[in-house]
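Heads up: the structure comes next, in structure tokens.
Values reported hereafter were calculated over all heavy atoms of this structure, with side chains retained and with hydrogens, waters and symmetry mates removed.
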Amino acid sequence: MTEPADPISSPEAYRASLLAALGEDDPAVAQAQTPAALRDLIVEAGDRLRTRPEPGEWSALECIGHIFDGELVVSARVRWILAEDEPDIVGYDQALWVAELRHNEDDPALLLATFEALRTANLDLWARRTVADRERVGRHRERGPESYDMTFRLAAGHDRIHLAQARRALEAVGARS
């Protein structure tokens, strides 16, 4: 799995890369698997969790922090989409968030617990919505119209992309040791 395209300079390529990571899999099943995958990753990482493979690259913990940020943002986006008519959906600079929120200093247990609570609520919300609800649209500032269904699928692909990135970071750090 390769790095996704830049979400700001190449929004369509970015969307395509996230959808390709999900493939034909059920996005709810894929998303339900992420908390356990994160938990396993944290255990596997041990003392390598905060080590960056190279300067400017994210550590496994920073990847986890970014997955957490994504879930937090998606939580709000889908609620706006469901509650308002074609709401404005704001993008964010993922590199800036990871750096300025200092995810490498985060408590991994707290990140995971908060992520799990958000993910559980978001999966429950998804399960309770109708097909018509899932077709509701927000207007993403970089990618244009995006439905609840599309947002949900993108989130599943996002998990996979950044879990793979975290695993590659651990492999690179392990190879250096």
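Across L49 and N104, no two heavy atoms sit closer than the pair O-OD1, 4.4 Å. Here the shortest heavy-atom pairing between L112 and P35 reads CD1-O, 3.8 Å. Residues H103 and G65 come closest through the heavy atom pair NE2-O, 3.4 Å. Residues A37 and R167 approach most closely at CB-NH2, 4.1 Å, considering heavy atoms.
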query = R143 and E146: salt bridge (Lys or Arg N to Asp or Glu O under 4.0 Å), yes or no, with the steps?
reply = CA-CA 7 Å; R143 297 190 299 259; E146 270 183 7; 2.4 Å; yes
ask   = Can you check side-chain contact (heavy atoms from CB on, under 4.5 Å) on E135 and D149, steps first, answer last?
value = CA-CA 6 Å; E135 293 171 353; D149 179 74; over 6 Å; no
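Contact of the L118 side chain with the F68 side chain is registered, since non-hydrogen atoms from C-beta on lie closer than 4.5 Å. Residues P87 and I81 form a side-chain contact, since some pair of their non-hydrogen atoms from C-beta on lies under 4.5 Å apart. Side chains of R129 and R136 form no contact here, defined as non-hydrogen atoms less than 4.5 Å apart. Between V137 and D85 there is no side-chain heavy-atom pair separated by less than 4.5 Å. With a 4.5 Å cut-off on side-chain heavy atoms, I161 and D159 do not count as touching. Residues V74 and L154 fail the side-chain proximity criterion, which asks for heavy atoms closer than 4.5 Å. Looking at P108 and R50, their side chains come closer than 4.5 Å, going by heavy atoms from C-beta outward.
A single hydrophobic cluster is not seen to contain both L38 and L123; linkage of ILVMFWY side chains at heavy-atom distances under 4.5 Å, directly or through other members, places them apart. W58 is not connected to L61 by any chain of hydrophobic side-chain contacts under 4.5 Å among Ile, Leu, Val, Met, Phe, Trp and Tyr, and they are in different clusters. Under the 4.5 Å side-chain heavy-atom criterion for Ile, Leu, Val, Met, Phe, Trp and Tyr, L125 and V73 are members of distinct hydrophobic clusters. The hydrophobic cluster containing L72 does not contain V78, counting ILVMFWY residues as joined when their side-chain heavy atoms lie under 4.5 angstrom apart, directly or transitively.
With sequence neighbours excluded, no residue forms a side-chain contact (heavy atoms from CB on, under 4.5 Å) with D47. Partners of H158 under the ring-ring contact (aromatic ring centres under 6.0 Å, His included) rule, at least two apart in sequence or in another chain, are H66, H162. Remark: T51 pairs with V173, R176 by the side-chain contact (heavy atoms from CB on, under 4.5 Å) rule, at least two apart or across chains. Evaluation of the ring-ring contact (aromatic ring centres under 6.0 Å, His included) rule for Y148 yields W126 as partners, not counting sequence neighbours. Residues passing the side-chain contact (heavy atoms from CB on, under 4.5 Å) test with A169, sequence neighbours excluded: P53. Annotation: ring-ring contact (aromatic ring centres under 6.0 Å, His included) contacts of W97 (sequence neighbours excluded): Y92. Partners of E84 by salt bridge (Lys or Arg N to Asp or Glu O under 4.0 Å), not counting sequence neighbours: none found.
Applying the salt bridge (charged side-chain N to carboxylate O under 4.0 Å, His left out) test to pairs two or more places apart or on separate chains, none has a residue in residues 95-109. Sorted by first then second residue, the salt bridge (charged side-chain N to carboxylate O under 4.0 Å, His left out) pairs that include residues 23-38, not counting sequence neighbours, are D25-R160. For the salt bridge (charged side-chain N to carboxylate O under 4.0 Å, His left out) condition, the pairs that include at least one residue of residues 61-81, sequence neighbours left out, are R52-E62, E71-R119. Sequence neighbours left out, the pairs with a member in residues 31-41 that pass salt bridge (charged side-chain N to carboxylate O under 4.0 Å, His left out) are R39-E116. Listed by first then second residue, pairs satisfying ring-ring contact (aromatic ring centres under 6.0 Å, His included) with a partner in residues 19-38 number zero, not counting sequence neighbours.
When R139, M150, H140 are each tested for a side-chain contact (heavy atoms from CB on, under 4.5 Å) with P145, only one passes: R139. Residue F115 is tested with T120, I67, L110 for a side-chain contact (heavy atoms from CB on, under 4.5 Å); the sole match is I67.
To the nearest 0.5 Å, atom CD of residue Q165 and atom CG of residue L170 are 11.0 Å apart. One distance of note links OG1 of T151 with CG of N122; it measures 11.0 Å at 0.5 Å rounding. Atom CG of residue L41 and atom CG of residue L163 lie 6.5 Å apart, to the nearest 0.5 angstrom.
Checking side-chain atoms of S17 against main-chain N and O of Y14 turns up a donor-acceptor pair under 3.5 Å.
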